[in-house]
Amino acid sequence: MSRELSSRYDPSDSEKELYREWEGQGFFRADEKLAQDPYVIVIPPPNVTNVLHMGHGLNNTIQDVLVRWRRMQGRDTLWLPGTDHAGIATQNVVERELAAEGSTRLDLGRDAFVERVWEWVREYGGQIIEQLKVIGCSCDWSRTRFTLDEGLSRAVREVFVRLYEKGLLYRGRYIINWCPRCTTALSNEESEHREHDGKLYRIRYPLADNTERFVEVATTRPETMLGDTALAVHPEDERYADLVDREAILPLVDRRLPIVADEFVDPEFGSGIVKVTPAHDPNDFEIAGRHDLEAIDILTDHARISDEAPEAYRGQDRFEAREAVLADLDRAGLLVQIEEHRHSIGHCYRCGTMVEPRLSLQWFVRMEPLARPGLEAYRDGKLRFYPQRYGRIYEHWMENIRDWCISRQLWWGHRIPVWYCQRETCGEMVVSREDPDRCPECSGSLEQDPDVLDTWFSSWLWPFSTLGWPEDTADLTVFYPTSTLCTASEILFFWVARMVMAGYEFMGELPFADVLIHGTVRDHIGRRMSKSLGNGIDPIEVVQLFGADAMRFTLIRGAALGTDLQLNYEDLESAFRPGRNFANKIWNAVRFALPYLQDADAVDPAERDLELADRWILSRFGATGEEVTEALETYRLHEGAELTHAFVWGDFCDWYLELVKGRLEGERGSDSRDAAAATLVYVTRSWLRLLHPVMPFITEELARRLPGEASESSLVLGPWPEPDRKWRDAGAEHAMEALQEFVATVRNLRSEYHVDPRTGVTVHLQRDAGDLEHALAVEEKGMYRLAGITNLDRSAPPADGPGASAVLRAGAEVFVPLSGVIDVDRERTRLQTEVGRLEDLLAKTSARLGDEAFLAKAPEDVVERERQKERSLAEQRDRLVEKRRALGPTG
RNA sequence: GGGGCCUUAGCUCAGCUGGCUAGAGCGCUACGUUGACAUCGUAGAGGUCACUGGUUCGAGUCCAGUAGGCCCCACCA
């Protein structure tokens with residue numbers, strides 16, 4: 001059995017090697033031929049440009065725990081990995097690289113640029129995949145996909161064509177969100193609203209037929225007035241009834257603006273007159289549609305003033321132009337008022353630039369018909385969210401869904417499969433699965449749409465495009481629909497909701513039933529971890545310092561369902577110490593046990609003559625296993641980790657190992673020793689399994705060292721300790737509880753000499769325990785050494801029924817060492833307050849028991865518990881009072 | 001403007017369907033290096049569960065309101 005184990009666990013010794021072994025054996029590969037009750041997760045594909053951060057760490061650890069657990073349960077498990085081409089993000093990265101070389105994508109030209117991005121992706125992309133292995137992710141790497149793969153590209157094109165054929169896709173000029181830095185359209189979801197302290201300017205426009213009279217409008221964006229084509233008032237606004245159908249003159253431009261009446265105008269806001277800028281405001285665009293107004297786009301792609309505006313402003317940046325316009329208006333005496341105004345403005349989710357609402361020709365998906373089945377699925381309870389509250393957010397969004405702008409003015413991505421005939425007289429548009437050569441109408445030459453599709457237009461197909469769709473593959477049959485989707489809340493709309501829609505539309509089925517949404521990783525003062533703030537923690541560094549298991553445990557235990565996780569990025573030690581210490585604890589517990597164990601001990605404990613401690617730990621394990629399984633089933637992973645931790649540290653290490661130490665020293669072949677050894681092997685392997693999904697490396701490492709048939713096999717393939725009532729033993733648990741309570745009481749008493757009136761057990765307090773304690777442990781034959789410090793007689797096994805008296809033979813002697821010297825005065829005070837506290841509790845309890853309403857209405861077991869509590873409290877109090885007396889009067 | 005969430009020990013948080021003498025980790029205090037573990041052990045201090053009402057035999061847990069904080073959605077210029 002191998003080399004000596006060090007007293008400290010060093011994860012770097014084994015993690016890499018174990019992972020290589022697991023992967024090499026094909027443990028993570030799903031078998032589409034087995035198809036036994038498959039459990040499937042598709043990874044939220046990280047961007048190819050990404051390097052692993054703690055958010056990924058959390059997200060993927062959660063998925064790995066679920067997947068490993070299900071795999072151990074014997075289900076055919078597939079965790080499908082891959083990356084996303086991330087249109088804007090990736091294009092930006094390469095453009096920055098070009099900029100550093102003093103070049104631009106325009107210099108290179110489209111084909112060369114795209115080739116350059118591919119080179120980048122091949123060279124640096126997908127680093128994150130290797131990093132996922134370092135933290136232990138058990139993905140089926142043989143199925144790794146990329147959103148720009150050939151297969152996935154085919155899926156994208158198929159979807160585009162189908163939607164078009166179904167009339168769910170249209171091209172049109174609408175107001176979209178335009179990022180002037182990325183020079184592309186964005187969807188509504190890609191425009192992030194942020195609060196701004198802006199200003200509201202009141203400007204006067206003279207009337208055309210009476211230039212002495214002015215109307216006043218309010219605007220937050222005065223530069224857009226260059227594109228005004230009308231003014232609007234509310235139809236029922238009496239103040240301005242005489243203005244309707246007259247005209248105003250647009251200052252600085254000298255354009256005549258019709259004054260229209262439109263219900264949209266809120267008479268309460270500002271002056272009650274709105275300037276209408278159809279090309280730069282969604283509402284104004286709507287108004288323009290109703291009144292047949294012209295739209296003038298006064299901005300260029302880079303948000304500079306275009307040639308549509310007066311020459312004086314052309315070429316100015318939008319913010320420069322604002323100042324210039326204001327100055328000119330002011331000079332003309334037309335700027336009447338400036339007030340502070342707080343409002344929210346959209347920003348590009350990739351580069352943070354203020355988004356410009358802009359009229360533009362784009363492709364859109366009609367979403368309402370797609371949303372309907374997804375909405376029903378939620379309302380029917382087929383689609384479930386953990387935590388539930390996200391369901392309501394999803395529902396609200398789906399109910400108010402708006403059409404999706406999917407064309408992007410980028411080069412990196414899926415090219416839109418649409419061709420336009422170049423012959424003006426023809427004007428045919430071809431939407432096709434295959435690249436066409438010539439116009440089918442007139443045989444004229446065709447030009448493909450220059451735009452690419454929104455990255456999310458490939459992501460929303462992920463749960464089935466990765467399985468081979470639109471081909472009818474075995475994978476698709478077996479693994480779709482998937483089981484759980486695990487993600488952060490930020491991409492609920494971007495991705496989750498849309499996958500549901502695509503799932504129904506193209507597969508006729510929900511892509512997953514459970515959506516697990518975890519929190520955000522934040523630093524110790526609550527800020528989101530990010531590169532720009534410099535408060536991120538590199539998971540790989542954490543793995544190197546503390547081990548993957550320690551990191552995983554820390555993340556899982558910290559991430560309660562629906563809550564954010566705070567980690568101190570300045571003090572990694574304090575953030576990850578508990579995880580590392582736990583790993584060390586496990587290591588040492590097993591290290592201690594190993595020398596006492598041999599193959600012969602690995603027999604089923606059921607065949608041994610078990611003692612109380614054995615039956616107790618088996619029972620406790622049974623209960624824990626059941627609770628952990630239940631916690632995992634409801635996605636309360638943190639609770640599973642917590643429960644396992646409490647069992648291993650509290651029950652197994654603190655009590656069972658201590659109870660069993662003496663017995664293990666006994667002679668092989670003796671019933672007591674063999675029972676202890678068999679139980680020890682069995683329970684240890686069992687809790688290693690329970691912990692394996694969270695801490696795969698150390699558990700595997702240790703399980704292999706245990707004797708027994710299973711020592712050759714891997715924990716990876718299970719089995720999972722399924723709930724098994726066989727070992728549950730309420731009697732043993734009660735007896736141990738009594739014992740633990742007794743020991744606690746004894747420690748509390750700190751008496752030099754004490755006899756338990758219930759059992760006649762005598763307690764001695766050893767003042768110089770240092771020398772005595774260990775001697776006592778071995779000196780008296782048949783003594784338990786409890787929790788490291790206490791000796792209890794074990795010679796009276798519970799013959800007939802459990803109970804404290806069965807454990808503690810009347811007249812037995814218990815030795816408890818005294819740590820340090822008691823300060824008598826302090827002790828008296830402590831006892832005094834303790835007695836006071838007990839009296840209060842006792843009074844409350846008695847009062848309750850005297851309450852007829854309580855006795856009448858409370859359930860029987862609650863009343864009984866109250867009675868027991870009353871008795872126990874009285875006993876405790878009496879003992880302490882006596883102790884207090886023994887210490888003598890206050891000095 | 002609409003919707004959602006949070007407020008429990010010095011810190012970060014658990015506490016599911018109401019029964020709690022309210023827990024964990026970290027931190028703090030005292031003692032301890034005794035053969036699994038000082039990456040440890042033992043003992044301990046520390047909480048009017050934000051506030052006010054209500055329902056109930058019983059509320060940290062359910063309901064209403066108040067205060068403070070957070071998030072999402074939204075076209076009031």
Side-chain angles (χ1 to χ4, degrees), chain A residues 5 7-9 175 193 200 217-221 224 232 264-266 268-270 273-277 281-286 341 343-344 357 387 389-390 392-393 396-397 400 489-490 492-493 524 526 546 550 554 557-558 560-568 574-575 577-578 580-595 630-631 634 636 638-639 642 645-646 653-654 657 661 747-748 750 769-775 777 787-789 817-821 823 830 837-838 840-841 844-845 848 851-859 861-862 865-866 869 872-873:
Chain A
L5 300 188
S7 74
R8 290 189 178 192
Y9 170 58
I175 298 279
H193 286 265
L200 188 65
V217 301
T219 180
T220 51
R221 306 178 56 217
T224 63
F264 164 77
V265 181
D266 176 3
E268 305 292 308
F269 191 90
I273 306 178
V274 179
K275 62 190 265 307
V276 181
T277 319
D281 183 285
N283 299 310
D284 294 4
F285 179 74
E286 301 269 311
H341 184 68
H343 60 147
S344 73
R389 64 170 182 274
Y390 286 104
R392 266 166 276 150
I393 296 175
H396 184 256
W397 188 78
N400 298 287
S489 60
E490 295 100 76
L492 186 59
F493 307 135
H524 57 116
F546 305 97
T554 303
R557 190 155 74 145
L561 193 55
T563 66
D564 288 345
L565 173 75
Q566 296 214 8
L567 291 173
N568 189 340
S574 81
R577 182 182 4 224
R580 180 197 55 189
N581 291 0
F582 184 39
N584 195 58
K585 185 74 176 178
I586 293 165
W587 182 257
N588 279 296
V590 177
R591 184 171 75 100
F592 160 74
L594 282 176
E630 201 196 312
T634 47
R636 299 186 329 259
H638 82 282
E639 219 174 298
E642 187 73 47
H645 175 263
C653 291
D654 288 352
L657 281 186
K661 274 175 176 169
R747 284 169 174 168
N748 244 329
R750 300 183 181 196
D771 294 331
L772 276 176
E773 190 205 347
H774 258 81
I789 62 158
L818 171 61
S819 338
V821 180
D823 176 332
R830 197 186 68 81
R837 198 178 65 94
L838 287 169
D840 286 351
L841 274 169
K844 248 195 266 176
T845 310
R848 199 167 317 167
D851 180 359
E852 282 173 34
F854 172 74
L855 293 174
K857 299 197 180 175
D861 59 318
V862 172
R865 218 177 311 148
E866 280 309 298
K869 191 160 95 185
S872 145
L873 286 171

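Fair warning: this is a prediction, and the values are worked out from it, not measured in the lab. Letters A, B, ... are given to chains in the order of the sequence lines, protein chains preceding strands, and every chain is numbered from 1.
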Do A/T224 and A/D281 come within less than 4.5 Å of each other through their side chains, counting heavy atoms only?
no
For residues A/F582 and A/R557, determine if any side-chain heavy atom of one lies less than 4.5 Å from a side-chain heavy atom of the other.
no
Between [atom2] of [N] and [atom1] of [X], the distance in whole Å:
X	N	atom1	atom2	result
A/F592	B/rA38	CZ	P	15 Å
A/E639	B/rG23	CD	P	16 Å
A/R580	B/rG25	CZ	P	16 Å
A/L200	B/rC76	CG	C1'	11 Å
A/I586	B/rU39	CD1	C1'	12 Å
A/Y390	B/rC71	OH	P	12 Å
A/D281	B/rC76	CG	C1'	10 Å
A/W397	B/rC72	CH2	P	16 Å

Quantified in whole Å, what is the [atom1] atom distance between nucleotide [N] and nucleotide [M]?
N	M	atom1	answer
B/rG2	B/rC75	P	16 Å
B/rA22	B/rC5	P	28 Å
B/rU42	B/rC26	P	12 Å
B/rG60	B/rG53	P	15 Å
B/rA9	B/rG46	C1'	6 Å
B/rG10	B/rA36	C1'	33 Å
B/rA45	B/rA50	C1'	24 Å
B/rC11	B/rA30	C1'	22 Å

Say you draw a straight line from [atom1] of [X] to [atom2] of [Y]; how long is it, rounded to the nearest 0.5 Å?
X	Y	atom1	atom2	result
A/D284	A/T277	CG	OG1	5.0 Å
A/H343	A/T220	NE2	OG1	5.0 Å
A/E642	A/E639	CD	CD	8.5 Å
A/R591	A/R8	CZ	CZ	11.0 Å

Would you tabulate the nitrogen or oxygen pairs shorter than 3.5 Å linking the protein to nucleotides 47-50 of chain B?
none

Regarding [X], tell me which of base, sugar-phosphate or nothing describes its non-hydrogen contacts under 4.0 Å with the strands shown.
X	result
A/F493	sugar-phosphate
A/R392	sugar-phosphate
A/R8	base
A/E642	sugar-phosphate
A/A218	base
A/T845	nothing
A/R865	sugar-phosphate
A/R557	sugar-phosphate
A/K869	base

At less than 4.0 Å, is any side-chain N or O atom of [X] found next to OP1 or OP2 of [N]? Yes or no.
X	N	result
A/N581	B/rC40	yes
A/T563	B/rA14	yes
A/H341	B/rA77	yes

Assign each of A/L838 and A/P578 to its nearest nucleotide of RNA chain B by heavy atoms, then name whichever residue's nucleotide is nearer the 5' end.
A/L838
Between A/R389 and A/C653, which is nearer to the 5' end of RNA chain B once each is assigned its nearest nucleotide?
A/R389
Distance-minimising heavy-atom pair for [X] and [Y]:
X	Y	result
A/G558	A/T563	O-OG1, 4.4 Å
A/I175	A/P282	CG1-CA, 3.8 Å
A/R221	A/K275	O-NZ, 4.3 Å

Please write out the pairs of protein N or O atoms and N or O atoms of nucleotides 9-11 of chain B separated by less than 3.5 Å, giving the distance to one decimal.
none

[N]: pairing nucleotide in any strand, Watson-Crick or G-U under 3.5 angstrom:
N	result
B/rG53	B/rC63
B/rG41	B/rC31
B/rC16	none
B/rC5	B/rG69
B/rG10	B/rC26
B/rU48	none
B/rU21	none
B/rG58	none

Does the salt bridge (charged side-chain N to carboxylate O under 4.0 Å, His left out) test come out yes or no for A/R865 and A/D861, once each step is laid out?
CA-CA 6 Å; A/R865 218 177 311 148; A/D861 59 318; 3.4 Å; yes
Pairs under 3.5 Å (N/O, protein and nucleotides 55-58 of chain B):
residue, atom, partner, partner atom, Å
B/rC57, OP1, A/K857, NZ, 2.2
B/rC57, O2', A/D851, OD2, 3.2

Measure from the side chain of A/H193, starting at C-beta and using heavy atoms only, and say which of B/rG19, B/rC37, B/rC75 lies closest.
B/rC75
By nearest atom, which of the nucleotides B/rA77, B/rU21, B/rC16 is closest to the A/L873 side chain?
B/rU21
Parallel, tilted or perpendicular: ring planes of A/Y9 versus A/W587, cut at 30 and 60 degrees:
tilted
A/N584 (side chain) donor-acceptor with A/R580 (main chain) under 3.5 angstrom:
no
I'd like to know if A/T277 reaches the base of B/rA77 with its side chain such that a donor and an acceptor end up less than 3.5 angstrom apart.
no
